[in-house]
Participant: 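Dropping the structure in here first, questions after.
Every number for a ligand or one of its atoms is a count from 1 in the order of the listing.
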Amino acid sequence: MTSISNTVRCETFSFREVARDGAARAGELKLTHGTVQTPIFMPVGTVGTVKAMRPDELATQVEAQIILGNTYHLYLRPGLDVVRAHGGLHTMMGWDRPILTDSGGYQVFSLKDLRKIREEGVEFQDHISGSYHLFTPEKVIEIQETLGSDIMMAFDECPPAGAEERYMRDSMARTTRWEKRCLEARTRHDCALFGIGQGGTSEQLRREHLEELAPLPFEGMAIGGLSVGEETQAMYDTVEFTTPMMPDEKPKYLMGVGKPEDLVECIARGVDMFDCVIPTRNARNGHCFTSRGVVVVRNAVHKEDLRPLDPDCDCYTCQNFSRSYLRHLLKSGEMLGPQLCTLHNLRYFLTLVGQAREAIVEGRFEAFRKRFHTLQAEGGS
Ligand SMILES: CC(C)(C)OC(=O)NCc1c[nH]c2nc(N)[nH]c(=O)c12
Ligand SMILES: [Zn+2]
């Protein structure tokens with residue numbers, strides 16, 4: 001018996017596990033704006049654009065299936081009236097596939113002293129105009145429904161790394177109350193809502209929070225509060241004991257993660273969905289991910305290297321341009337440099353999760369995982 005009186009659920013949502021190989025699983029996620037094959041990586045489009053990518057090429061060349069937007073940033077700029085005037089975020093940004101929007105949780109909390117946390121919500125001074133705002137669970141649901149999000153994230157606090165247990169417990173209890181208010185506030189029948197569990201790297205705290213959240217009528221469940229500075233192995237261990245505590249029939253989303261090896265290792269531990277700024281942010285300064293490890297194509301070693309970034313990559317960048325040319329573009333400050341490196345990095349991330357999915361379906365995920373690490377160790381340059 002859930003304590004939620006609101007009967008609104010997302011009627012355009014479904015998720016089913018298609019195959020399992022150990023703890024790794026392949027799934028199919030149906031949303032208002034289309035179907036997503038999991039495991040999946042979501043390119044981050046914080047202010048209504050995946051930086052340096054045209055949406056048509058993001059769909060046709062990267063084959064991105066779902067992207068991430070941010071409530072906090074879009075609410076401040078261009079603002080709800082502008083988004084509403086366009087009929088929602090999809091129309092405004094020219095992306096007709098699914099969008100997941102984050103609730104502003106950790107964005108607001110990363111404002112540090114510019115914010116005050118109360119039971120009602122979070123009062124903050126925005127980083128653009130300096131004006132004051134109050135984010136409440138009700139407000140962030142209104143914002144995400146106005147954006148026309150396929151998947152809304154509940155309003156949570158992501159406690160600072162290393163917070164005291166007393167603080168963590170109080171924060172998690174308030175986050176549970178906030179997340180229940182999000183469920184009560186939803187009005188649209190075509191926007192899914194995911195809960196977010198916190199608890200740092202503590203098995204006990206993770207269990208306690210998920211015992212409260214798992215019975216609630218969310219369409220999916222996320223692991224928040226990781227990749228906030230803890231050691232990589234501690235993050236993997238936390239994921240390993242947390243995913244079994246999450247409802248198996250719902251998608252499991254690890255927020256803010258990660259590098260290619262993190263995706264492979266967390267898919268192995270049962271995660272279905274990922275988002276991270278690393279492939280797009282790093283691309284803009286020539287830090288490229290490949291099947292043979294990282295290639296920092298700005299480095300002088302590539303000055304006359306006529307090879308593509310990645311011999312195994314089918315992307316437009318790798319099919320048409322050399323490392324030498326990419327280095328030249330970046331050193332010259334040409335916009336095409338970040339554009340081509342972003343396209344490659346995102347294509348590499350999408351290809352990686354697609355290959356992982358195939359391996360799971362064919363029951364050979366462990367072999368895929370070993371070959372991934374072996375090739376990465378060959379080293380880029
Ligand atoms: C510091 C970085 C961004 C790398 O990781 C995290 O903060 N990781 C946690 C995280 C990312 N995005 C979230 N959204 C929400 N609502 N809550 C969260 O805990 C998080
Ligand atoms: Zn490529």
Participant: Regarding Glu184 and Lys180, does a basic nitrogen lie under 4.0 Å from an acidic carboxylate oxygen?
Facilitator: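 Result for this pair is no, no salt bridge flagged.
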Participant: Show all protein N/O/S atoms under 2.8 Å from the Zn ion (ligand 2), or state that there are none.
Facilitator: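 Correct list: Cys313 SG, Cys315 SG, Cys318 SG, His344 ND1.
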Participant: Number the atoms of ligand 1 from 1 as they appear, then name those within less than 4.0 Å of a heavy atom of Ile196, with their elements.
Facilitator: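 Reading through ligand 1 atom by atom, the close ones are 16 (N).
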Participant: Numbering the atoms of ligand 1 from 1, which are under 4.0 Å from a heavy atom of Ser103?
Facilitator: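 Near Ser103, the atoms of ligand 1 are 16 (N).
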Participant: Quick check: does any side chain N or O of Asn6 sit under 3.5 Å from a backbone N or O of Arg186, one acting as donor and the other as acceptor?
Facilitator: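 Yes; judged by distance alone, with no hydrogens or angles, the pair exists.
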Participant: Out of Met93, Met42, Met53, which residue meets the side chain to side chain contact (heavy atoms under 4.5 Å, CB included) rule with Ile67?
Facilitator: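 Going through Met93, Met42, Met53 one by one, the side chain to side chain contact (heavy atoms under 4.5 Å, CB included) with Ile67 is satisfied by Met93 alone.
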Participant: Side chain or backbone of Met153 under 4.0 Å from ligand 1, or both, or neither, by non-hydrogen atoms?
Facilitator: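 Under 4.0 Å from ligand 1, Met153 contributes no heavy atoms.
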Participant: Looking at Arg174 and Glu157, is any side-chain nitrogen of the basic one under 4.0 Å from a carboxylate oxygen of the acidic one?
Facilitator: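 Arg174 and Glu157: salt-bridged.
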Participant: Just do the ring pair (Phe, Tyr, Trp, His ring centres under 6.0 Å) check on Tyr316 and His344 with the steps written out, would you?
Facilitator: CA-CA 8 Å; Tyr316 171 69; His344 164 77; over 10 Å; no
Participant: Check each atom of ligand 1 against the heavy atoms of Val228 and keep those under 4.0 Å away; list them by number with element.
Facilitator: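 Answer, ordered by atom number: 6 (C), 7 (O), 8 (N).
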Participant: Would one find more than 12 heavy atoms of other residues, nucleotides or ligands at under 6.0 Å from atom CZ of Arg177?
Facilitator: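 Buried by this count: over 12 neighbours within 6.0 Å.
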Participant: Ignoring hydrogens, just give me the one of Ala154, Gly256, Ser227 whose non-hydrogen atom is nearest atom 2 (C) of ligand 1.
Facilitator: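 Looking at heavy atoms only, Ser227 sits closest to atom 2 (C) of ligand 1.
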Participant: Enumerate the atoms of ligand 1 whose separation from the nearest heavy atom of Cys158 is less than 4.0 angstrom.
Facilitator: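 Heavy-atom distances to Cys158 below 4.0 Å select 18 (C), 19 (O).
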Participant: Taking non-hydrogen atoms only, is Val277 closer than 4.0 angstrom to ligand 1 via side chain, backbone, both or neither?
Facilitator: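 Neither; nothing of Val277 gets under 4.0 Å from ligand 1.
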Participant: Testing Arg357, Lys250, Arg25, Lys252 for salt bridge (Lys or Arg N to Asp or Glu O under 4.0 Å) with Glu17, which one passes?
Facilitator: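 Passing option: Arg25.
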Participant: Please say which of Phe41, Phe349, Tyr348 ends up in a ring pair (Phe, Tyr, Trp, His ring centres under 6.0 Å) with Phe289.
Facilitator: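 For Phe289, the ring pair (Phe, Tyr, Trp, His ring centres under 6.0 Å) test succeeds with only one of Phe41, Phe349, Tyr348, which is Phe349.
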Participant: Taking only residues at least two apart or on different chains, which pairs with a member in residues 227-268 satisfy ring pair (Phe, Tyr, Trp, His ring centres under 6.0 Å)?
Facilitator: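 Of all non-adjacent pairs touching residues 227-268, none passes ring pair (Phe, Tyr, Trp, His ring centres under 6.0 Å).
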Participant: Report yes or no: does Glu145 contribute a side-chain atom to a donor-acceptor pair with the main-chain N or O of Arg188 at less than 3.5 Å?
Facilitator: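 Checked: pair present.
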Participant: Of Leu68, Asp102, Asp156, Leu226, which has the heavy atom at the shortest distance from atom 6 (C) of ligand 1?
Facilitator: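 Looking at heavy atoms only, the winner is Leu226.
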